[in-house]
Amino acid sequence: MAPVPPLFAPDPAPLSAAVLVMAESNALALASLVDPMRAANRRAGRTLYRWRYYSEAGGDVPVTAGFAIPTDALPDRADFDVLMIVAGFRLAEQATPALMARLRRLAPQVRAVVSVDGGPWFPALAGLLDGQRATVHWEDLETFATRFPRIGVVRDRYVISGKMITTGGAGPCLDMMIEMIRARQGPELALRVASAFVYEPLQTATTPQQAISAAHMGRADPALGRAVAIMEGNIETPPPMAEIARRTGLSTRGLEMLFSRRLGVSPGRFFLDLRLDEARRMVTDTDLALQEIALRTGFSSQMTFARAFRARFGSTASALRAGGGAKAG
């Protein structure tokens with residue numbers, strides 16, 4: 001029988017957390033980590049969770065929503081139970097040797113390390129995820145898996161691997177935090193915390209991350225959800241529309257009518273836009289060669305890719321790349 005992860009066992013004692021906020025973190029990801037703890041304290045009427053904000057050097061840390069989080073300097077000695085890392089952009093430049101060394105010193109001192117959104121890059125770069133299973137935001141999954149071959153990278157919404165916990169973004173983090181509260185304080189409190197956010201925690205840890213919520217579409221129309229899931233799972237090798245229709249249980253005409261009625265576009269247009277959106281992400285957020293990006297998004301020739309990309313975004317891929325930068329370097 002597998003041991004119960006450190007944070008996911010009944011425990012009446014308060015849990016203290018150090019929240020390491022990296023510059024340009026997603027504000028929603030930060031809130032999904034901290035606000036469930038606040039709500040649990042309020043609903044329980046006592047302090048179950050304590051947290052403080054840290055950064056490498058201390059001071060105000062800007063997040064993507066345009067405000068700053070006051071922080072203390074991250075110490076070398078842990079006086080907290082769990083280290084929680086939230087990150088979004090500019091990952092490579094913030095992963096300084098000094099910070100990596102500090103993370104390696106702190107990890108053995110804490111009960112768990114939780115990483116959210118772009119946060120898993122930091123324990124990965126520090127070598128703390130070697131030999132573990134992990135996930136990261138879906139936009140970074142391929143790059144992350146290539147960069148860290150010693151990590152078992154999966155597309156799950158969140159992953160608990162021993163004391164290392166990784167989540168794919170704000171929504172999966174909220175799922176994980178509510179599950180932690182359920183495990184530590186019981187289902188009744190977890191339900192009241194979820195209710196405080198008018199949130200229905202329907203996703204399990206192993207539900208795959210998706211660029212577009214096929215599950216959400218599926219609740220509106222199961223056939224539409226199945227079709228979108230097939231498209232998302234076959235970006236690199238797009239099947240013909242007739243094949244997608246067959247696997248969805250529709251005729252080709254029925255698939256056309258479904259997309260037109262529900263989304264206002266043809267399935268072919270939707271699938272092409274889905275592939276081009278993924279190509280654009282790879283252009284701006286990775287250093288993959290443009291020819292490799294074309295192949296990974298289902299284009300048989302560079303010329304076809306270039307023409308479709310310009311038509312969709314009004315710019316060439318090379319020009320767009322020159323004006324942007326990779327998330328993780």
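- For Arg50, the CZ atom is loosely surrounded, since the number of other residues' heavy atoms within 6.0 Å does not exceed 12.
- Counting heavy atoms from C-beta on, the side chains of Leu74 and Glu56 never come closer than 4.5 Å.
- Taking both residues in full, the closest heavy atoms of Pro238 and Gly298 are given as CD-CA, 3.7 Å, listed atom of the first, atom of the second, then distance.
- Each of Met164, Arg150, Lys163 was scored for a side chain to side chain contact (heavy atoms under 4.5 Å, CB included) with Gln132, with one residue passing: Met164.
- The side-chain heavy atoms of Leu15 and Leu48, taken from C-beta on, include no pair separated by under 4.5 Å.
- Summarising the geometry, atom CD belonging to Glu179 is positioned 7.0 Å from atom CD1 belonging to Ile160; distances are rounded to the nearest 0.5 Å.
- Residues Val113 and Leu91 share a hydrophobic cluster, clusters being chains of Ile/Leu/Val/Met/Phe/Trp/Tyr side chains in contact below 4.5 Å.
- The two residues Pro75 and Tyr54 have their closest heavy-atom pair at CD-CE2, 3.7 Å.
- No single ILVMFWY cluster, assembled from side-chain heavy atoms under 4.5 Å apart, contains both Leu28 and Val34.
- Residues Ser16 and Asp81 meet the side-chain proximity criterion, which asks for heavy atoms closer than 4.5 Å.
- Not one N or O on the side chain of Thr135 forms a donor-acceptor pair closer than 3.5 Å with the backbone of Arg157.
- Both Leu7 and Leu33 are part of a single hydrophobic cluster, where members link through side-chain heavy atoms under 4.5 Å apart.
- Of all the heavy atoms in Arg184 and Ala13, the pair that sits closest is NH2-O, 3.3 Å.
- Counting only distance, with no hydrogens or angles, the side chain of Asp117 and the backbone of Ala170 share no donor-acceptor pair below 3.5 Å.
- In this structure a side-chain-to-backbone donor-acceptor pair under 3.5 Å is present from Gln109 to Asp76.
- Using a 4.5 Å heavy-atom threshold, the side chains of Arg312 and Asp273 count as touching.
- Remark: Arg261 CZ is packed, more than 12 non-hydrogen atoms of other residues, nucleotides or ligands lying under 6.0 Å away.
- Between Ala31 and Pro36 the shortest heavy-atom distance is O-CD, 3.5 Å.
- Judged by a 6.0 Å distance limit and a 45° cone about the ring axis, Arg280 is positioned over the six-membered ring of Phe313.
- Atom CG of Leu258 sits about 7.5 Å away from atom CG of Leu263, to the nearest 0.5 Å.
- Rounded to the nearest 0.5 Å, atoms CD (Glu142) and CD (Glu278) are 6.0 Å apart.
- With salt bridges taken as basic N to acidic carboxylate O contacts below 4.0 Å, one links Glu243 and Arg246.
- Of all non-hydrogen atoms in Ser55 and Val61, the two that sit nearest each other are CB-CG2, 3.6 Å.
- Taking OG1 from Thr143 and CZ from Phe148, the interatomic distance works out to 10.5 Å, rounded to the nearest 0.5 Å.
- Transitive grouping of hydrophobic side chains (ILVMFWY, heavy atoms separated by less than 4.5 Å) brings Met37 and Val116 into a common cluster.
- Looking at heavy atoms from C-beta onward, Arg147 lies in side-chain contact with Leu125 at the 4.5 angstrom threshold.
- The side-chain heavy atoms of Leu276 and Thr297, taken from C-beta on, include no pair separated by under 4.5 Å.
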Output, in order, the C-alpha distance, side-chain angles, deciding distance and verdict of side-chain contact (heavy atoms from CB on, under 4.5 Å) for Leu274 and Glu232. CA-CA 8 Å; Leu274 188 66; Glu232 288 191 329; 3.9 Å; yes
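- With respect to Asp287 and Arg321, no salt bridge is recorded, no charged nitrogen being found less than 4.0 Å from a carboxylate O.
- Closest approach of Phe197 and Ala39 over heavy atoms only: CZ-CB, 3.9 Å.
- Taken from CG in Leu103 to OG in Ser115, the straight-line distance is 8.5 Å, to the nearest 0.5 Å.
- At least one donor-acceptor pair closer than 3.5 Å links the side chain of Ser161 to the backbone N or O of Arg133.
- Distance alone, capped at 3.5 Å, is enough to place a donor-acceptor pair between the Thr64 side chain and the Ser25 backbone.
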Step-by-step side-chain contact (heavy atoms from CB on, under 4.5 Å) determination, His137 to Trp121: CA-CA 10 Å; His137 191 282; Trp121 281 91; over 6 Å; no
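- In this structure, the separation between CD1 on Ile165 and CD1 on Ile85 is 11.5 Å, given to the nearest 0.5 Å.
- Following chains of ILVMFWY side-chain contacts shorter than 4.5 Å, one cannot reach Ile293 starting from Leu295, and the two form parts of different hydrophobic clusters.
- In this structure, Asp156 contributes its side chain and Val159 its backbone to no donor-acceptor pair below 3.5 Å.
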Could you go step by step and tell me if Trp51 and Phe80 meet the ring-ring contact (aromatic ring centres under 6.0 Å, His included) rule? CA-CA 8 Å; Trp51 62 94; Phe80 41 81; over 10 Å; no
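- Side-chain contact between Arg104 and Leu128 is present, with heavy atoms from C-beta onward closer than 4.5 Å.
- Side chains of Phe271 and Met241 form a contact here, defined as non-hydrogen atoms less than 4.5 Å apart.
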